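Quick caveat, the model's predicted, so the values are computed rather than measured.
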Amino acid sequence: MAGFERGEMLVMAATVGLVGLAGAAHALAAGPLLSFLACTLALAGVAHVIAEATDQLGNHLSPSATGLVQSAVGSLPELFVCIFALQAGLVSVVQASLIGSILANALLVLGLAFVVGGWRHGVLVFNDRTPRMIASLLLLAVSGLVLPTLANELHLPAAAHEQPLAVVCAVVLLAVFAIMTKAMLEQGQRAVPAEAHARAHAWTLGASIAVLLVCAGLAVLVSDWFVEALEPAIDTLGLSQTFAGLVVVAIAGNAIENVVGIRLAAAGKAELAISVMLTSALQVAVVIVPVLVLVSFGMGGSAFTLVIPPILAAALFLSVMVVTVVTVDGEADMVDGAALIGLYVVIATIFWWG
């Protein structure tokens, strides 16, 4: 017996149905908006099942090992979307979507979580050690993304060596991630509190691995269809590529995870909600971005460097600074949440016109 409950089986069946719908829309060359919507829903479904399977795998592994698995497979849909987009030459969309993913988690979703949690529980109090550690690492990672842009804008000699600089930054960020991983394994701790994996029932180890493998394959298929539908959908909606990546793609790629974070805050689990959302942003900065830099040079598509539009770099750095200030004292309320959401809206509005 695999250990699946009826509700979980229904979710898996619905996800397979959404993938089938996305495949049909792709094969039949349905309208760009229909294809894009079908692929977005399918990606959200696959991401949800991957998250559930990695959580269930935690019942058979140590917390630290579970954290490693989550880092490796939790962002697969987003990673595959970016790889296919780079192959299609949509570099600006990839840059904007990665930055948008960090901003959406650190500003929009965290802000919504504070508003909802503050509305229901008043001032949210949490242990500031974990959020402070994640915010510090996120600030370091963002600095590694912003400095190449600054070097380019100031016309430093390093600006003529954009690709080697990107590779060095990518290796450094992955090294920081490796050290963080080693520390977690030695200390038996994770950034996300252990209650994240509390389950009333458990799947078998074989079932958890099988679901992950199937979802990884589906993520590859749906990501390819998603990217093919993306550009026509952008043109149909009249959106700029930067705004589409920064807002539409970023939110679509993290929809399920975003809902989970808000629900945790509504339940009064502020520390867990903050850890989940900031860890998601951190994984983008120290795992997905460096991997894309290294992969892009070997796959024959557009090279992915860390030189981004200066306003994007400024928005990213200021946002992480604001999040650090908000979370460093171990308390948050609706006002903090409204401030984070307001900053996200201002940034998104700046890129509405391109």
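For the pair Ile341 and Leu107, the minimum side-chain heavy-atom distance is 4.5 Å or more. Annotation: side chain of Val46 is in contact with side chain of Val19 (closest heavy-atom distance under 4.5 Å). Residues Gln283 and Ile288 form no side-chain contact, since every pair of their non-hydrogen atoms from C-beta on lies 4.5 Å or further apart. No side-chain heavy atom of Ile347 sits less than 4.5 Å from a side-chain heavy atom of Ile311. Side-chain contact between Asp336 and Leu340: absent, with no pair of heavy atoms (C-beta onward) separated by less than 4.5 Å. Using a 4.5 Å heavy-atom threshold, the side chains of Leu137 and Phe177 count as separate. Side-chain contact between Val248 and Thr40 is absent, with no heavy atoms from C-beta onward closer than 4.5 Å.
Listed by chain and residue number, Phe36 satisfy the ring pair (Phe, Tyr, Trp, His ring centres under 6.0 Å) test with Phe226 (two or more places apart in sequence, or in another chain). In this structure Glu162 satisfies the side-chain hydrogen bond (donor to acceptor under 3.5 Å, both in side chains) test together with Thr305, sequence neighbours excluded.
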Inset, instruction - Report the C-alpha distance between Val247 and Trp352 in whole Å, list the side-chain angles of each, state the deciding distance to 0.1 Å, and finish with yes or no for side chain to side chain contact (heavy atoms under 4.5 Å, CB included). - result: CA-CA 9 Å; Val247 178; Trp352 171 255; over 6 Å; no
Report task. Go through the steps for Ser240 and Phe351 under the test side chain to side chain contact (heavy atoms under 4.5 Å, CB included), then give the verdict. Result -> CA-CA 8 Å; Ser240 69; Phe351 294 98; 5.6 Å; no
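Looking only at distances, no side-chain donor or acceptor of Ser223 sits under 3.5 Å from a matching main-chain atom of Phe80. Proximity of a side-chain donor or acceptor of Gln95 to a complementary backbone N or O of Ser92 within less than 3.5 Å is not detected. In this structure, Ser97 contributes its side chain and Val94 its backbone to a donor-acceptor pair below 3.5 Å. Ser35 contributes no side-chain N or O that, together with a main-chain N or O of Pro32, makes up a donor-acceptor pair within less than 3.5 Å.
Hydrophobic clustering (ILVMFWY, side-chain heavy atoms < 4.5 Å, transitive): Leu98 and Leu318 are in distinct clusters. Leu86 is connected to Leu230 through a chain of hydrophobic side-chain contacts under 4.5 Å among Ile, Leu, Val, Met, Phe, Trp and Tyr, so both are in one cluster. Under the 4.5 Å side-chain heavy-atom criterion for grouping Ile, Leu, Val, Met, Phe, Trp and Tyr, Leu18 is not connected to Trp225 through any hydrophobic cluster. In terms of hydrophobic clustering, with Ile, Leu, Val, Met, Phe, Trp and Tyr side chains grouped at heavy-atom distances under 4.5 Å, Leu41 and Val49 are assigned to different clusters. Under the 4.5 Å side-chain heavy-atom criterion for grouping Ile, Leu, Val, Met, Phe, Trp and Tyr, Val335 is not connected to Val116 through any hydrophobic cluster.
With values rounded to the nearest 0.5 angstrom, Leu79 atom CG is found 10.0 Å from Phe84 atom CZ. Atom OG in Ser208 sits 11.0 Å away from atom CG in Leu213 (nearest 0.5 Å). Distance CZ/Phe114 to CE/Met334: 13.0 Å, rounded to 0.5 Å. Atoms CG and OG, on Leu110 and Ser319 in that order, are 11.5 Å from each other to the nearest 0.5 Å. For the atom pair CG (Asn152) and CG (Leu306), the distance works out to 11.5 Å, reported to the nearest 0.5 Å.
Among all heavy-atom pairs drawn from Cys82 and Leu292, the shortest one is CB-CD1, 3.5 Å. Minimum heavy-atom separation, Ala42 to Val222: CB-CG1, 3.8 Å. Across all non-hydrogen atoms, the minimal contact from Val146 to Ala313 is CG2-O, 3.7 Å. Taking every heavy atom of both residues into account, Leu173 and Pro290 meet most closely at CB-CG, 3.7 Å.
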